Amino acid sequence: MNDTIDTQPLADPSRRSFLKLSVAGLLASVAIPAFSHQSWAQGAAPATGRKVLVVYYSRSGNTREVASQIHQALGGDIVEIQTVSPYPADYKETTTQAKQELESGFKPPITTKIADIASYDVVFVGSPNWWGTIATPVMTFLTEHDLSGKTIAPFITHEGSALGRSAADIGKLCPKANILEGLAVRGKSAKSAQDDVAAWLRKLGLKS
């Protein structure tokens, strides 16, 4: 099973519905303690001297693989976004739920909280392509964490839709951040994407 849902991109939702945070999400952010039920790994600072965070959501492992390659190349910290309630095991059920969430503007509650987000300079944001954009758990994370003034580098795993409108939608959620050119990796190629990742990091000036 692939991380990616792709299918046909949905129509761009209105800004009001896109930015609306669910009541459930608000309750979860109060009730769930920081750093609960998430992967957290630390490494050396990147050669650029800027503090790096790699944060991602991965349903089945493809996006996790690319995130790990970025982390291995640059060091810094890596965090996997975890939802309070898991998505259905059945792939088609997940695609249906994802479509409903995107159309309604619902952002699923997550357990991932980063108290010192202000300390990072560069944030890599990873997601599978869900209906032409980032997965809704990633939207929740970006809504709940202020990335104003940060440099954001998106990376997306997909099965044909590439970046879609993911970078533009990240920009809507983080209007005061600097959004760099994103990286799109085919899900089936995720495990062998090291050269593409390295070339992308050099192009962004984040790796020599």
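Please read all numbers here as calculations on a predicted model, not as lab measurements. Below, all heavy atoms of this structure are taken into account, side chains as well, without hydrogens, waters or symmetry copies.
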- prompt: Can you list the steps and then say if Leu53 with Val122 is a side chain to side chain contact (heavy atoms under 4.5 Å, CB included)?
  reply: CA-CA 6 Å; Leu53 170 67; Val122 181; over 6 Å; no
- request: Would you check if Asp146 and Ser148 make a side-chain contact, meaning some heavy-atom pair closer than 4.5 Å?
  value: yes
- line: With sequence neighbours left out, the residues meeting side chain to side chain contact (heavy atoms under 4.5 Å, CB included) with Ile152 are Val125, Leu147, Ile170, Cys174, Ala177, Ile179
task: List for me each residue that meets salt bridge (Lys or Arg N to Asp or Glu O under 4.0 Å) alongside Lys203, sequence neighbours excluded, and say none if there are none.
output: Glu181
query: Could you give the distance from CG (Asn129) to CG (Leu163), rounded to the nearest 0.5 Å?
result: 8.0 Å
query: How many angstroms lie between CD in Glu80 and OG1 in Thr63, if you round to the nearest 0.5 Å?
result: 9.5 Å
query: Can you list the residues that meet the side chain to side chain contact (heavy atoms under 4.5 Å, CB included) rule with Gln72, with sequence neighbours excluded?
result: Ser68
- prompt: Does Val138 offer a backbone N or O that forms a donor-acceptor pair with the side chain of Ser127 under 3.5 Å?
  reply: no
field: Contact summary for Thr112 and Gln82, nearest pair of heavy atoms
entry: OG1-N, 2.9 Å
query: Are the charged groups of Lys188 and Glu159 less than 4.0 angstrom apart, N to O?
result: no
message: Let's go through Tyr56 and Phe141 carefully: what are the C-alpha distance in whole Å and the side-chain angles of both, what is the deciding distance for side chain to side chain contact (heavy atoms under 4.5 Å, CB included) to 0.1 Å, and is it a yes or a no?
response: CA-CA 9 Å; Tyr56 67 95; Phe141 178 87; over 6 Å; no
query: Sub-3.5 Å donor-acceptor pair from the side chain of Lys150 to the main-chain atoms of Ala118, do we have one?
result: yes
Rounded distance (nearest 0.5 Å) linking atom CD of Glu65 with atom OG1 of Thr157: 11.0 Å
- prompt: What heavy-atom pair brings Ser161 and His158 nearest, and what distance separates the two atoms?
  reply: N-ND1, 3.5 Å
message: Under the rule for ring pair (Phe, Tyr, Trp, His ring centres under 6.0 Å), what residues qualify as partners of Phe155, not counting sequence neighbours?
response: none
task: Walk me through it: do Thr94 and Arg59 pass the test side chain to side chain contact (heavy atoms under 4.5 Å, CB included)?
output: CA-CA 10 Å; Thr94 298; Arg59 183 175 182 271; 2.9 Å; yes
task: Output the distance between atom CH2 (Trp131) and atom OG1 (Thr95), rounded to the nearest 0.5 Å.
output: 6.0 Å
- request: Measure across Lys113 and Glu144 and return the closest heavy-atom pair with its distance rounded to 0.1 Å.
  value: NZ-OE1, 2.7 Å
- request: Would you give the length of the straight line joining atom CH2 of Trp200 to atom NZ of Lys207, rounded to the nearest 0.5 angstrom?
  value: 13.0 Å
- request: Under the side chain to side chain contact (heavy atoms under 4.5 Å, CB included) rule, what do Ile78 and Phe124 come out as? Steps first, then yes or no, please.
  value: CA-CA 9 Å; Ile78 183 168; Phe124 288 84; over 6 Å; no
message: On a heavy-atom basis, which atom in Ala153 and which in Leu204 lie closest, and how many Å separate them?
response: CB-CD1, 4.1 Å
query: Looking only at heavy atoms, which two atoms of Val185 and Ala190 are closest? And how far apart?
result: CG1-CA, 3.9 Å
- prompt: Are the side chain of His145 and the backbone N or O of Ile117 linked by a donor-acceptor pair below 3.5 Å?
  reply: no
query: Which heavy atom in Ile156 sits nearest to a heavy atom in Ala162, and how many Å separate them?
result: CG2-O, 3.7 Å
query: Roughly how far apart are Ile110 CD1 and Met139 CE, rounded to 0.5 Å?
result: 13.0 Å
statement: Residues passing the side chain to side chain contact (heavy atoms under 4.5 Å, CB included) test with Glu101, sequence neighbours excluded, are Tyr87, Gln97, Phe106, Pro108, Thr136
- request: For Asp121, check side chain to side chain contact (heavy atoms under 4.5 Å, CB included) against everything at least two apart and list the hits.
  value: Arg50, Lys51
